[in-house]
Amino acid sequence: MLVHAGVFADWFEPLLREPPLARRHRLITYHRVGYAGSTHAPGPITLSQQAAHLRALMRRIAIDRAHFVGHSSGANIIMQLALDAPEVVQSLALLEAALPLPAGSPGRSGILRAVELYRAGDKAGAVDTFMQAVAGSGYRSCADRVLPGAFDQAVADADTFFGQELPAIQQWVFGEAEAARIVQPVLLVMGGKSHEISPVWQQRQDLLTAWMGHAENARGLAERLGAFFADHPPLIAKRANLY
């Protein structure tokens, strides 16, 4: 089960087409609450609630236990699921988990500027500024090529990301004690060029590596995930919207 990051609802679309995964496993992704075709709910939504939504989806489609792949805030959600319902988690692949940034951290200024733009009513500017802060100035050409229409959808979903998700990440409590409770196999994945964008990515990776002594580190996403899940039967891809 693949749990997408914030901003772009279809982050995992390219991964769903990768042969090392698509040919061997049943891949399930969904739009989290407030994104794309899923219901936009009013009020705060915590990461524990997001984890509960994921558990409810599993019940609805009759999956008792799964491997989980989470990107950024999606990684936070699957870690929370492992804390709240460990019996449903076979393994975790954490793709640059969005551990909360303390004030003054490198890279935080761009995020704060994005929040200011959002509050001023410039949703497109807020999305663009945030994405440049976390993915670099050239992100747009790649996103437009690989995920056509994703930017416009992100602008439409800006209230979810800036109004609900960012506050939930900052309020989330996860440290060494919580990490020690996660005993399932863990794969930590960091982008090959992420360190060129901001030192924050390596800092977060180093923290999780220190907290989760049993975790494996990897680059080369599709191939490494395929190897990580290699002992499990091949199934087919499926999508679901969460209502």
Side-chain angles (χ1 to χ4, degrees), residues 3-14 29-54 70-77 80 95-174 191 194 196-201 204 239 241-243:
V3 184
H4 67 79
V7 186
F8 293 163
D10 292 320
W11 282 104
F12 281 125
E13 281 297 318
T29 187
Y30 67 105
H31 291 142
R32 294 193 280 109
V33 62
Y35 284 98
S38 289
T39 299
H40 288 243
I45 298 177
T46 67
L47 296 191
S48 289
Q49 287 175 295
Q50 294 264 11
H53 296 165
L54 177 53
H71 176 206
S72 189
S73 52
N76 297 22
I77 290 166
Q80 188 63 50
L95 283 51
E96 298 186 339
L99 298 181
L101 295 176
S105 294
R108 186 174 169 82
S109 60
I111 296 174
L112 293 176
R113 176 56 181 157
V115 172
E116 290 174 358
L117 290 169
Y118 168 75
R119 289 174 176 168
D122 183 1
K123 293 182 180 181
V127 170
D128 183 63
T129 300
F130 180 87
M131 287 304 302
Q132 289 195 49
V134 301
S137 59
Y139 84 91
R140 183 68 187 271
S141 60
C142 179
D144 288 346
R145 183 180 71 255
V146 178
L147 297 173
F151 184 85
D152 290 342
Q153 183 63 60
V155 173
D157 294 336
D159 289 341
T160 294
F161 180 69
F162 290 101
Q164 294 176 322
E165 192 154 320
L166 279 184
I169 290 171
Q170 289 301 317
Q171 294 163 10
W172 187 53
V173 175
F174 188 89
S194 293
E196 299 175 9
I197 306 300
S198 170
V200 164
W201 303 117
R204 287 169 163 168
R239 167 183 296 285
N241 280 327
L242 179 60
Y243 291 97

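Heavy-atom basis, side chains included; hydrogens, waters and symmetry copies ignored.
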Which pairs would a plain distance check flag for residues 129-137, meaning a side-chain donor or acceptor within less than 3.5 Å of a matching protein atom at least two apart in sequence or in another chain?
residue	atom	partner	partner atom	Å
Thr129	OG1	Gly125	O	2.8
Gln132	NE2	Asp128	OD2	2.8

Given 3.5 Å as the limit, does a donor-acceptor pair link the side chain of [X] with the main chain of [Y], or not?
X: Ser194; Y: Trp201; result: no
X: Gln49; Y: Thr46; result: yes
X: Thr160; Y: Gly34; result: yes

Given side chains that start at C-beta, do those of Ser48 and Gln80 come closer than 4.5 Å, heavy atoms only?
yes
Check: Arg32 and Gln50 side chains under 4.5 Å, non-hydrogen atoms:
yes
If I take atom [atom1] from residue [X] and atom [atom2] from residue [Y], how far apart are they, to the nearest 0.5 angstrom?
X: Asp157; Y: Phe162; atom1: CG; atom2: CZ; answer: 11.5 Å
X: Phe161; Y: Tyr118; atom1: CZ; atom2: OH; answer: 11.0 Å
X: Leu147; Y: Cys142; atom1: CG; atom2: SG; answer: 8.0 Å
X: His4; Y: Ile77; atom1: NE2; atom2: CD1; answer: 8.0 Å
X: Thr39; Y: His53; atom1: OG1; atom2: NE2; answer: 9.5 Å
X: Leu112; Y: Leu117; atom1: CG; atom2: CG; answer: 11.5 Å

Go through the steps for Phe151 and Val7 under the test side-chain contact (heavy atoms from CB on, under 4.5 Å), then give the verdict.
CA-CA 8 Å; Phe151 184 85; Val7 186; over 6 Å; no
For Trp11 together with His71, are the ring centres under 6.0 Å from each other?
yes
Taking every heavy atom of Ala158 against every heavy atom of Val127, the minimum-distance pair comes out as CB-CG2, 4.5 Å
Nearest heavy-atom pair of Gly138 and Ser141: which atoms, and what distance?
O-OG, 3.2 Å
Report the C-alpha separation of Leu99 and Phe174 in whole Å, then their side-chain angles, then the decisive distance to 0.1 Å, and conclude whether the side-chain contact (heavy atoms from CB on, under 4.5 Å) test is met.
CA-CA 8 Å; Leu99 298 181; Phe174 188 89; 4.2 Å; yes
May I ask you to decide if the ring planes of Phe8 and Tyr139 are parallel, tilted or perpendicular, using 30° and 60° as cut-offs?
tilted
Arg113 vs Glu116, test: salt bridge (Lys or Arg N to Asp or Glu O under 4.0 Å). Steps then yes/no.
CA-CA 5 Å; Arg113 176 56 181 157; Glu116 290 174 358; 3.4 Å; yes
If we check side-chain contact (heavy atoms from CB on, under 4.5 Å) with Asp159, which of these qualifies: Glu165, Lys123, Gln164?
Lys123
